[in-house]
J.: 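Before anything else, here's the structure in question.
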Amino acid sequence: MDAVLAAKASLFPISTPASDITVWTLFSPIFPHRRPHQLIKKPFSPLITINAVYAAAEISISRPRPRARAATFTTTKFAPQRKEKTELERDAISILNDRIRRDHAGKRETSRPLMNSEEADKYIRLVKEQQQRGLQKLKGGEHSDRDGALSYKVDPYNLRTGDYVVHKKVGIGRFVGIKFDLPKDSAEPIEHVFIEYADGMAKLPVKQASRMLYRYNLPNETKRPRTLSKLSDTSVWERRRIKGKVAVQKMVVDLMELYLHRLKQQRPPYPKSPIMAEFAAQFPYEPTPDQKQAFSDVEKDLTERETPMDRLICGDVGFGKTEVAIRAIFCVVTARKQAMVLAPTIVLAKQHFEVISERFSKYPYIKVGLLSRFQTKAEKEENLHMIKHGYLDIIVGTHSLLGSRVVYNNLGLLVVDEEQRFGVKQKEKIASFKTSVDVLTLSATPIPRTLYLALTGFRDASLISTPPPERVPIRTHLSAYSKGKVISAIKYELERGGQVFYVLPRIKGLEEVMEFLEQSFPNVEIAIAHGKQYPKQLEETMEKFAQGEIKILICTNIVESGLDIQNANTIIVQDVQHFGLAQLYQLRGRVGRADKEADAHLFYPDKLLLSDQTWERLAALKECRDLGQGFQLAERDMAIRGFGSIFGEQQTGDVGNVGIDLFFEMLFESLSKVEEHRVISIPYQCVQLDLNVNPHLPSEYINYLENPMEIINEAEKAAEKDIWSLTQFTENLRRQYGKEPYSMEIILKKVYVKRMAADLGITRIYASGKMVGMKTSMSKKVFKLITDSMASEAHRNSLDYEDDEIKAKLLLELSREQLLNWIFQCLAELHASLPALIKY
């Protein structure tokens with residue numbers, strides 16, 4: 001104990017009065033839950049003990065001048081008070097704590113398993129192998145350069161006057177045109193691209209422009225940038241570009257860490273069931289070649305791999321994705337594990353329940369259950385009981401399956417149908433399952449983020465693009481709305497004995513359409529369906545439509561997924577501009593499920609009211625008439641739709657800085673070099689801080705804390721864990737005792753400096769005159785990334801990297817305390833870039 005105190009004392013000399021003092025102590029020295037007014041007065045004797053301990057540790061004690069005994073000493077100076085709040089908010093430690101708290105709150109998983117450097121090497125290699133396979137799919141396509149690298153550059157000849165473009169080195173400008181111009185050193189005129197910037201016109205040869213220009217698209221309806229860049233000052237653009245690059249890197253690292261930890265998860269492979277062949281033979285249709293490949297892919301994932309499956313089955317509407325899921329479910333439940341089938345609507349959930357129940361009807365020992373809001377409270381309670389105790393093997397339902405009340409007995413497989421239909425919270429819950437159970441995602445038009453993961457190899461994908469032999473393409477009609485066209489389309493379908501979907505974006509207009517159709521077709525059974533109806537009423541309406549009793553169903557996009565009705569072969573979508581591309585593709589897929597040719601009529605109110613982006617979206621849908629084009633359509637959608645649905649709303653501002661096309665190119669570049677941006681942290685105890693900073697604590701503060709040594713020890717212990725533990729410790733300390741005096745702040749800063757240095761892989765910090773040196777294991781590329789993203793230009797310009805050492809050249813020789821403050825601020829800025837780095 002004495003040795004420890006002696007060591008601490010050499011770092012933190014403490015001065016305390018030896019005169020007559022009233023000593024204050026707390027009920028517990030380690031963060032008691034008491035306010036200062038609850039402190040207890042103690043007699044003078046404990047001070048002798050403290051003095052004795054300090055003496056044993058050879059700490060010098062400064063004695064104040066004697067005072068009269070009548071003067072009672074109090075410590076209210078250090079108690080938390082309202083007037084100190086402003087000071088607390090402004091100091092450097094509080095600012096750093098706020099940033100760490102934000103970073104911590106933004107993490108999806110706060111308790112990921114630890115991974116050492118060797119493990120990380122192994123899993124990064126695995127991810128890179130997968131990634132190369134994913135990137136290979138894109139090479140040779142429309143986004144590849146001659147060298148095979150992914151490129152989103154624009155062909156200057158495809159630009160129109162007034163289009164906004166991004167030059168990689170200069171920034172955002174407005175395309176004016178292409179014309180011949182005679183260079184000074186040439187007799188022949190050369191074609192040049194002319195681009196208008198904020199302070200002038202730039203011209204560059206077409207060949208050069210084709211290597212440097214990108215179309216400027218924003219993640220919302222408007223394509224207009226906030227400002228044009230300046231030719232005379234490219235530093236502003238450079239900062240915007242670097243900000244975009246760092247944002248890309250943060251996203252890539254977040255994805256990388258998620259999949260590294262997923263790869264680390266282990267589960268024994270499922271046994272190959274001897275009755276699988278018998279079960280497969282009961283499928284009433286002949287599988288297409290793509291279906292067979294998907295069956296094989298899923299079977300290998302389950303029976304040959306030791307890591308949980310995360311596979312995307314991307315197949316057009318009615319191409320047989322459900323059968324792939326059913327065979328995966330069979331493999332899991334025959335190994336005595338549970339399977340969950342998650343659908344976005346109760347209509348689709350009920351349909352899945354009926355199809356699965358039918359397929360498993362010959363296996364009475366496999367129990368299938370449905371959990372829905374249509375059920376009574378007693379039915380729900382019974383189902384929850386059966387799920388918890390393992391009496392249900394297959395559970396089908398909507399997002400209620402993700403609720404806290406649903407406790408699974410032995411969950412092995414999660415099947416997610418149409419993931420794009422779920423909300424943000426549900427998607428996060430789905431993501432949490434992916435680290436522990438096998439996951440199969442079904443989608444005809446995957447959300448762009450899902451598709452992006454599949455393409456870049458972070459996730460396996462099986463594409464079913466060959467239609468069943470009897471399927472016929474859907475005729476798509478895109479035109480301005482007119483009552484005559486609507487009546488004509490419905491009349492054609494009813495005359496051939498079919499049924500019609502009539503879809504609107506909102507509930508509000510359903511009754512109005514109902515009146516119009518009842519007048520036009522007085523002898524035809526018409527009904528309304530939407531999600532706000534009573535459950536029983538909605539169920540009955542859907543059942544009657546499925547049975548053919550109702551001929552025209554006026555509805556919202558509740559029918560977007562599910563409803564496999566063979567006789568419905570015409571769909572009318574009114575106010576089509578309010579639907580997303582994926583929604584329209586799904587709605588169109590409600591018809592044409594049999595061998596009849598189906599029609600999809602998409603009506604907009606007035607072409608002049610549509611934005612460029614909406615018109616482009618609708619044109620893309622009309623172009624994709626062939627069967628099996630959902631996958632290509634979703635890829636197209638990535639460049640058209642809002643970026644918020646891909647990486648979350650947080651990133652849309654970063655995309656706006658550079659435009660979608662350049663952002664995507666930086667994304668793929670970052671993915672291909674992800675292992676280069678890696679920092680290996682070191683233990684806190686291994687950081688050597690060679691700065692002779694030994695502040696003296698005021699005697700009053702020592703009396704107030706009673707045992708500062710113990711508190712400093714606790715700070716060190718917290719720092720040994722991680723920066724978040726240290727942040728919590730400091731905030732608790734201030735909450736309990738108020739803002740610390742300057743000398744205690746310096747002691748805490750020393751602890752913070754060592755913790756941040758450990759996270760950054762810095763082994764030693766020393767000073768020599770006007771130079772500060774930091775020995776580090778980080779690479780020069782990592783150093784460049786984190787210094788480029790530093791907010792302070794003064795810090796950024798003072799740092800250099802040389803021989804595995806970060807060196808800072810200061811203009812003035814600072815005092816030791818000033819130097820510590822400078823190092824603290826510098827490391828805090830470097831530390832802010834950690835989310836953009838792989839930390840193993």
J.: Does any part of the side chain of Phe501, heavy atoms only, come nearer than 4.5 Å to the side chain of Val573, both counted from C-beta?
T.: no

J.: Apply salt bridge (charged side-chain N to carboxylate O under 4.0 Å, His left out) to Asp290 and list each qualifying residue two or more places apart in sequence or on a separate chain.
T.: none

J.: Run the ring-ring contact (aromatic ring centres under 6.0 Å, His included) test against Phe283 and tell me which residues pass, sequence neighbours left out.
T.: Tyr285

J.: Side chains of Ile464 and Val324, heavy atoms from C-beta outward: is any pair under 4.5 Å?
T.: yes

J.: I want to check something: taking the side chain as every heavy atom from C-beta on, are Ile571 and Val503 in contact at a cut-off of under 4.5 Å?
T.: yes

J.: Which residues satisfy the side-chain hydrogen bond (donor to acceptor under 3.5 Å, both in side chains) test with Gln547, sequence neighbours excluded?
T.: Glu543

J.: Is there any salt bridge (charged side-chain N to carboxylate O under 4.0 Å, His left out) pair reaching into residues 385-394, and which pairs are they, with sequence neighbours excluded?
T.: none

J.: Could you give me the CA-CA distance, side-chain angles and deciding distance for Ser462 and Arg311, then say whether side chain to side chain donor-acceptor pair (under 3.5 Å) is met?
T.: CA-CA 7 Å; Ser462 297; Arg311 182 168 289 276; 2.9 Å; yes

J.: Identify the two heavy atoms, one from Val591 and one from Ala598, that lie closest to each other, and give their separation to 0.1 Å.
T.: CG2-CB, 3.8 Å

J.: Could you state the interatomic distance from CG (Leu348) to CG (Leu342), rounded to the nearest 0.5 Å?
T.: 10.0 Å

J.: Atom CG in Leu370, atom CG in Asn383: separation rounded to 0.5 Å?
T.: 7.5 Å

J.: For the atom pair CG (Leu392) and OH (Tyr408), what is the distance rounded to the nearest 0.5 Å?
T.: 10.5 Å

J.: Applying side chain to side chain contact (heavy atoms under 4.5 Å, CB included), name anything that partners Ser404, two or more places apart in sequence or on another chain.
T.: none

J.: Is Arg267 salt-bridged to Asp438, going by a charged N under 4.0 Å from an acidic O?
T.: yes

J.: Can you sort out the partners of Phe279 under ring-ring contact (aromatic ring centres under 6.0 Å, His included), two or more places apart, ordered by chain and number?
T.: Phe330, Phe360, Tyr363

J.: List the atom of Arg588, the atom of Ala600, and the distance in Å for their closest heavy-atom pair.
T.: CG-CB, 3.5 Å

J.: Do Thr307 and Gln265 touch side chain to side chain, with heavy atoms closer than 4.5 Å?
T.: no

J.: In the structure I gave you, are the side-chain heavy atoms of Arg305 and Pro269 within less than 4.5 Å of one another anywhere?
T.: no

J.: Taking side-chain hydrogen bond (donor to acceptor under 3.5 Å, both in side chains) as the definition, give me every residue that meets it alongside Glu381, ordered by chain and number, with sequence neighbours left out.
T.: Arg405

J.: Taking only residues two or more places apart in sequence, or in another chain, which ones meet Glu304 in a salt bridge (charged side-chain N to carboxylate O under 4.0 Å, His left out)?
T.: Lys272

J.: Using modelled atom types and a 3.5 Å cut-off, is there a donor and acceptor pairing between side-chain atoms of Asn569 and backbone atoms of Glu597?
T.: no

J.: Between His389 and Asn409, is there a side-chain donor-acceptor contact under 3.5 Å, judged purely by atom types and distance?
T.: no

J.: If I compare all heavy atoms of Gly369 with all of Phe353, which pair ends up nearest, and what's the gap?
T.: C-CE1, 3.8 Å

J.: To the nearest 0.5 Å, tell me how far Thr556 OG1 sits from Lys532 NZ.
T.: 10.5 Å

J.: Mind checking whether Val396 and Leu371 have side chains closer than 4.5 Å, heavy atoms only?
T.: no

J.: Verify side chain to side chain contact (heavy atoms under 4.5 Å, CB included) between Phe319 and Thr288, making sure each step is shown before the conclusion.
T.: CA-CA 9 Å; Phe319 277 30; Thr288 62; over 6 Å; no

J.: Looking at side-chain heavy atoms only, is the closest gap between Ile329 and Ile394 below 4.5 Å?
T.: yes

J.: Any heavy-atom pair between the side chains of Val298 and Met309 that's under 4.5 Å?
T.: yes

J.: Of all residues at least two apart in sequence or in a different chain, which pass the side chain to side chain contact (heavy atoms under 4.5 Å, CB included) check with Gln533?
T.: Ile528, Ala529, His530, Gln537, Leu538

J.: Hey, could you give me each pair passing side-chain hydrogen bond (donor to acceptor under 3.5 Å, both in side chains) that has a residue in residues 322-338? Not counting sequence neighbours.
T.: Glu323-Arg327, Glu323-Arg359

J.: For Ala325, what residues pass the side chain to side chain contact (heavy atoms under 4.5 Å, CB included) criterion, not counting sequence neighbours?
T.: Val415, Leu440, Leu442

J.: Hey, does the side chain of Ser361 reach the backbone of Glu358 with a donor-acceptor pair shorter than 3.5 angstrom?
T.: yes

J.: Got a sec, which residues hit salt bridge (charged side-chain N to carboxylate O under 4.0 Å, His left out) with Lys292, two or more places apart in sequence or on another chain?
T.: Glu286

J.: Using a strict 4.0 Å threshold on nitrogen-to-oxygen distance, state whether Lys544 and Glu540 make a salt bridge.
T.: no

J.: Closer than 3.5 angstrom, by distance alone: can the side chain of Glu379 be matched with the main-chain N or O of Thr376 as a donor-acceptor pair?
T.: yes

J.: Find the distance between CD1 (Ile326) and NZ (Lys321) and round it off to the nearest 0.5 Å.
T.: 12.5 Å

